[in-house]
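Okay, structure first, notes after.
Given the structure is predicted, the values throughout are model-derived calculations rather than measurements. Indexing begins at 1, ligand by ligand and atom by atom, following the structure's order. Values below: all heavy atoms of this structure, side chains included; hydrogens, waters and symmetry mates excluded. Residues take their numbers from the sequence shown, with the count starting at 1.
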Amino acid sequence: MPDVPELSVVIPAMNEEENVRNMHDRLVAALEPVVDGLEIVWVDDGSTDSTWEKVSEIAATDPRVRGLSFSRNFGHQAAVTAGVDAARGRAVAIIDADLQDPPEVIAEMVVKWREGYEVVYGQRAHREGETWFKKVSAAAFYRTLRRLAHIEIPLDTGDFRLMGPKALEAYRALPEHNRFVRGLVSWIGFPQAAVLFHRQPRAKGETKYPLKTMLKLALSGFTSFSFVPLRAATWLGLATASFALLYLVFRAVSAAVGFVAFGSAGLVASIFFLAGVQLLAIGALGEYVARVFEEVARRPLYLVKESTDGKTGVIPPER
Ligand code: UDP
Ligand code: MG
């Protein structure tokens, strides 16, 4: 194997014991013939099953495999970042552990990368075995984000992608805590290309992305790449103030011609309405303030309990 493998594959995994072996075999079969040196980096994101044991087992017999295990669950985006930090390959691909993204597609990404694209992302042409709720909410989220964000995030992509050396250097230099990986990778720019693929149903196990986690990720996406929710308060304020002025004029005129428009019900409703609008605006502000706090606190993004390299704790990026 060459000193620097041509490709590292990063796999974030939380409770994926049933998928580790299969994933490994399929990756090796698909990529070993096409790349000059392959490395596989597993990131165990605080699994409570035997994921880490399975990874260590494979790593003990296969020198291409490395792995690290978090001190607790830090989340998918932190796991992806840890893997990218630890990877030694010239290019790095990120793939989910559940075989929803076919490992064979990475071979196509490598071809595109060699053509000169620094980022090659997998774009879902078709989703199988996912609930209609997930499909509809994902479609709505990506389309709204596209409208609100000040960067161009391609539709229907996840974190399944490959980054070349320049993109990697840029990505590793991004210090932010609130990581919305697909947004960050778009933000760095460079020539980017898509590879279309059919998203498969999860091979084994259950989704690790319940609604709550999905919402959190969506909020990270909005707050990291759009100030529209903050500015919305300004526009709402302007709109309600204008409405109040118009209303005053309306009341003055109707008093002059001698009829009364609303009673106390109107008053109560408008108080509640305005209180709601104000709380909403404060809430939006709070989301940003909380994130500013997280950024200035500068806690490490993840902590490593155990790794195949013997490193633990706060690990600086490999390259
Ligand atoms: N994952 C993780 N940490 C988490 C949640 C998920 O590392 O807190 C991993 C998970 O093991 C999988 C990938 O992230 O490899 C995507 O998760 P999943 O397939 O459950 O999400 P879905 O495809 O249902 O959106
Ligand atoms: Mg999945």
Side-chain angles (χ1 to χ4, degrees), residues 9-24 26-27 40-55 58 65 67-87 92-103 105-106 121-142 145 155-161 177-182 185 197-221 301-307:
V9 180
V10 165
I11 316 167
M14 182 183 95
N15 295 346
E16 304 281 4
E17 58 183 5
E18 299 163 297
N19 294 319
V20 174
R21 180 40 81 181
N22 253 336
M23 183 72 205
H24 173 83
R26 269 185 60 187
L27 270 176
I40 299 176
V41 183
W42 286 89
V43 181
D44 163 31
D45 184 14
S47 297
T48 49
D49 68 358
S50 66
T51 301
W52 181 241
E53 285 71 34
K54 295 264 160 30
V55 170
I58 300 179
V65 178
L68 43 93
S69 180
F70 282 174
S71 63
R72 62 169 169 85
N73 177 261
F74 280 89
H76 179 208
Q77 305 289 294
V80 166
T81 302
V84 172
D85 284 348
V92 173
I94 302 164
I95 188 169
D96 286 353
D98 59 0
L99 293 161
Q100 278 198 284
D101 310 326
V105 176
I106 298 179
Y121 49 87
Q123 195 157 30
R124 301 156 186 174
H126 171 87
R127 288 166 169 241
E128 245 176 79
E130 280 183 302
T131 60
W132 69 265
F133 176 75
K134 183 131 195 172
K135 286 186 211 174
V136 170
S137 58
F141 168 68
Y142 285 118
L145 188 63
L155 291 177
D156 302 321
T157 58
D159 295 326
F160 183 34
R161 56 188 63 216
H177 214 282
N178 265 292
R179 294 188 94 76
F180 182 61
V181 175
R182 57 209 78 162
V185 176
F197 75 102
H198 292 283
R199 197 151 209 243
Q200 306 296 315
R202 181 177 248 285
K204 293 272 167 58
E206 303 263 292
T207 173
K208 308 300 178 312
Y209 257 98
L211 186 61
K212 206 173 128 218
T213 322
M214 243 157 65
L215 282 176
K216 226 177 120 202
L217 182 71
L219 257 178
S220 277
L301 217 57
Y302 52 86
L303 290 171
V304 174
K305 176 177 68 179
E306 227 179 307
S307 71

Of the non-hydrogen atoms in V55 and G67, which two are nearest, and what is the gap between them? CG1-CA, 4.4 Å
Side-chain donor/acceptor of Y142 to backbone N/O of T157, under 3.5 Å: yes
With heavy atoms under 4.0 Å as the rule, classify the contact between N73 and ligand 1 as side chain, backbone, both or neither. side chain
Ligand-residue contact atoms, ligand 1 with G75, heavy atoms, under 4.0 Å: 3 (N), 8 (O)
Name the closest protein heavy atom to atom 3 (N) of ligand 1, giving the residue it belongs to and the distance to 0.1 Å. D45 OD2, 2.6 Å
Numbered atoms of ligand 1 (with element) below 4.0 Å of R199, judged on heavy atoms: 23 (O)
Please identify which atoms of ligand 1 are closer than 4.0 Å to at least one heavy atom of K208. 5 (C), 6 (C), 18 (P), 20 (O)
Side chain or backbone of M214 under 4.0 Å from ligand 1, or both, or neither, by non-hydrogen atoms? neither
What protein heavy atom sits nearest atom 19 (O) of ligand 1, and how far off is it? D98 OD2, 2.6 Å
For D101, which of I106, I94, I95 qualifies under side chain to side chain contact (heavy atoms under 4.5 Å, CB included)? I95
At under 4.0 Å between heavy atoms, which part of Q77 makes contact with ligand 1: side chain, backbone, both or neither? neither
Atoms in ligand 1 flagged as close to A13, the criterion being non-hydrogen separation under 4.0 Å: 7 (O), 11 (O)
Looking only at heavy atoms, the pair that brings Q100 and F197 closest together is O-CE1, 4.3 Å
Which of the numbered atoms in ligand 1 are under 4.0 angstrom from any heavy atom belonging to E16? 10 (C), 11 (O), 12 (C), 15 (O)
Please determine if R72 forms a cation-pi arrangement with F70, meaning its NZ or CZ atom is less than 6.0 Å from the six-membered ring centre and no more than 45° off the ring axis. no
closest protein heavy atom to atom 21 (O) of ligand 1 is Y209 CD1, 3.3 Å
Ignoring angles and geometry beyond distance, decide whether E206 reaches within less than 3.5 Å of ligand 1 through its nitrogen or oxygen atoms. no
Hey, mind stepping through N15 and E206 against side-chain hydrogen bond (donor to acceptor under 3.5 Å, both in side chains) and telling me if it holds? CA-CA 9 Å; N15 295 346; E206 303 263 292; over 6 Å; no
If you measure from each non-hydrogen atom of T207 to ligand 1, which part falls under 4.0 Å: side chain, backbone, both or neither? both
Backbone or side-chain N or O of A79 under 3.5 Å from ligand 1 N or O: no
Minimum heavy-atom separation for A79 and V43, please, with both atom names. O-CG2, 3.6 Å
Which pair of non-hydrogen atoms, one from A203 and one from N19, has the smallest distance, and what is that distance? CB-OD1, 3.7 Å
Pairwise distance OG1(T48) to CE(M14) - rounded to 0.5 angstrom: 7.0 Å
Passing candidate, side chain to side chain donor-acceptor pair (under 3.5 Å) with S69, options T51, D45, D44: D44
Give a yes/no verdict on whether any heavy atom in K134 is under 4.0 Å from an atom of ligand 1. yes
P12 N/O under 3.5 Å from ligand 1 N/O: yes
With the Mg ion (ligand 2) at the centre, find the angle made by OE1 from Q100 and OD2 from D98, to 10°. 100°
I'd like to check S47 versus E17 (side-chain heavy atoms, cut-off strictly below 4.5 Å). Are they in contact? no
What are the atoms of ligand 1, with element, lying closer than 4.0 Å to any heavy atom of Q100? 19 (O), 22 (P), 23 (O)
Residue that, paired with D96, satisfies salt bridge (charged side-chain N to carboxylate O under 4.0 Å, His left out) out of R199, K208, R202: R199
Using a heavy-atom cut-off of under 4.0 Å, does the side chain or the backbone of H76 touch ligand 1, or both, or neither? both
Looking at R202, which atoms of ligand 1 are within less than 4.0 Å of one of its heavy atoms? 18 (P), 19 (O), 20 (O)
